[in-house]
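Have a look at the structure below before the remarks.
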2 protein chains.
Amino acid sequence: MRTQTDFAERTIEYEKLLSYFKALLKNENLKYTKQREVILDGLYNSDGHLTPEELYNLIQKNHPTLKTGIATVYRTLQLLEDHNMVTSLSFGSQGKKYELGAKEHHDHMICTECGEITEFVDEEIEKRQHLIADELGFKMSNHSMQIYGTCRQCQEKQ
Amino acid sequence: MRTQTDFAERTIEYEKLLSYFKALLKNENLKYTKQREVILDGLYNSDGHLTPEELYNLIQKNHPTLKTGIATVYRTLQLLEDHNMVTSLSFGSQGKKYELGAKEHHDHMICTECGEITEFVDEEIEKRQHLIADELGFKMSNHSMQIYGTCRQCQEKQ
DNA sequence: GTCGCTGCAAAGTCTTTGCAGAGAG
DNA sequence: CTCTCTGCAAAGACTTTGCAGCGAC
């Protein structure tokens with residue numbers, strides 16, 4: 001099993017991400033704006049699991065001079081999701097969160113006390129998922145798995 | 001692996017479900033009302049994956065004489081969820097759906113074309129989930145897994 | 001009878017959209 | 001220059017809440 005740390009090492013650098021984004025925009029006759037840049041940047045320079053509002057606040061804090069509306073955050077997240085650059089996660093009552101999807105596939109372990117999200121991958125589970133889809137005659141396009149519980153820190157607090 | 005059909009056989013009968021619900025209400029000095037009955041009934045007599053609005057419509061159709069407001073549906077679903085009688089699922093853009101949680105644990109395979117939901121359980125995956133939680137020092141309380149793709153019927157249509 | 005429950009409508013959230021001006025290419 | 005993007009505010013979708021009357025116990 002691999003965990004979050006490994007992913008950090010594998011995460012493609014910001015430069016690559018940015019040029020991919022720029023190429024994509026050019027390809028579709030869309031424009032590369034300062035707002036789109038800071039949104040991508042915000043997603044990159046965070047733990048990667050943000051609600052639209054959290055992202056909006058982060059941008060306001062880091063780029064106070066640039067006026068960026070929440071509508072633009074929503075629109076850009078939608079754009080990024082349409083092009084598979086980000087993935088949206090909906091964990092129960094925590095609302096919809098977004099993460100950069102350029103990373104390798106992984107699953108999530110969510111602490112119900114503090115909301116911390118740890119990423120992991122288990123090859124065995126991945127294999128079985130494909131197997132199950134095949135058995136049910138399903139053409140699998142995607143999958144997600146979440147484990148809910150209490151993280152080590154929160155257990156110690158109690 | 002087991003699938004939906006097996007679950008139908010394991011599903012506890014409505015009578016048991018109902019008496020559990022009644023006992024629970026009595027226990028907390030809550031009242032057993034006609035509205036609460038038809039809501040539980042609606043959840044039971046369906047494929048078990050309903051949005052609050054779908055449930056509301058179903059009730060309107062099956063019990064046209066009984067006035068049941070959507071607010072009551074929301075309130076009752078909340079009540080049932082608080083007492084672990086139903087589970088809410090949020091699958092991407094499909095919105096929040098509810099299912100009776102008295103059934104055995106299972107995971108979901110969702111067709112992104114027609115929205116059909118098939119349930120399944122894989123013991124191997126269940127085992128590995130516990131293992132992973134242990135390795136990460138996580139006290140697991142719950143987990144969910146979704147496989148997205150195209151179901152057999154929708155593949156044939158194309 | 002009491003006290004919780006209900007429908008209704010109003011109020012909250014969260015997200016999307018219309019528009020006129022700003023700005024990238 | 002053109003045509004997309006943006007902020008703003010208004011509109012939408014979904015969910016929750018306050019209230020006065022209703023109904024379970």
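Residue numbers begin at 1 in each chain, while the letters A, B, ... track the order of the sequences.
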Could you list, one pair per line, each protein nitrogen or oxygen that sits under 3.5 Å from a nitrogen or oxygen of nucleotides 16-22 of chain C, together with the distance?
{"from": "C/dG18", "atom 1": "O6", "to": "A/Arg75", "atom 2": "NH1", "distance (Å)": "3.4"}

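Atom CZ in A/Phe21 sits about 12 Å away from atom C1' in D/dC5, given to the nearest Å. Distance CG (A/Leu25) to P (C/dG23): 18 Å, rounded to an integer number of Å. At whole-Å resolution of the value, CD1 in B/Ile39 and C1' in C/dC5 are 11 Å apart. Atoms CG (A/Leu40) and C1' (D/dC5) sit 17 Å apart, rounded to a whole Å. Rounded to whole angstrom, the span from the NZ atom of B/Lys96 across to the C1' atom of D/dA13 amounts to 15 Å. In this structure, B/Glu28 atom CD and C/dC5 atom P are separated by 10 Å, rounded to whole Å. The separation between B/Asn57 atom CG and D/dC14 atom P is 12 Å, rounded to whole Å. Between the OH atom of B/Tyr56 and the P atom of D/dA13 there is a distance of 16 Å, given to the nearest Å.
Both B/Lys26 and A/Leu66 sit near DNA chain D, but only A/Leu66 has its closest nucleotide nearer the 5' end.
Residues meeting the side chain to side chain contact (heavy atoms under 4.5 Å, CB included) test with B/Lys34, sequence neighbours left out: B/Glu37, B/Leu66. For A/Ser46, the side chain to side chain contact (heavy atoms under 4.5 Å, CB included) partners are A/Leu50, A/Leu58, not counting sequence neighbours. For A/Leu24, the side chain to side chain contact (heavy atoms under 4.5 Å, CB included) test picks out A/Tyr20, A/His83, A/Met85, with sequence neighbours left out. In terms of the side chain to side chain donor-acceptor pair (under 3.5 Å) criterion, B/Asn57 has no residue partners (sequence neighbours excluded). Partners of B/Lys31 by salt bridge (charged side-chain N to carboxylate O under 4.0 Å, His left out), not counting sequence neighbours: none found. With sequence neighbours excluded, no residue forms a side chain to side chain donor-acceptor pair (under 3.5 Å) with B/Thr150. When the side chain to side chain contact (heavy atoms under 4.5 Å, CB included) test is applied to B/Ile70, the partners found at least two apart in sequence or on another chain are B/Glu53, B/Tyr56, B/Tyr74.
Residue pairs meeting the salt bridge (charged side-chain N to carboxylate O under 4.0 Å, His left out) criterion with at least one member in residues 65-82 of chain A: none, sequence neighbours excluded. Pairs engaging residues 121-144 of chain A under the ring pair (Phe, Tyr, Trp, His ring centres under 6.0 Å) rule: A/His105-A/His143 [sequence neighbours left out].
Rounded to 10°, the angle separating the first-five-pair axis and the last-five-pair axis of the helix from C/dG1-D/dC25 to C/dG25-D/dC1 equals 40°.
A donor-acceptor contact shorter than 3.5 Å links the side chain of B/Ser141 to the backbone of A/Tyr148. No donor-acceptor distance shorter than 3.5 angstrom exists from the side chain of B/Thr72 to the backbone of B/Thr68, with no hydrogens or angles considered.
Listed by residue number, the members of residues 30-38 of chain B with any heavy atom below 4.0 angstrom from DNA chain C are B/Leu30, B/Lys31, B/Thr33, B/Gln35, B/Arg36.
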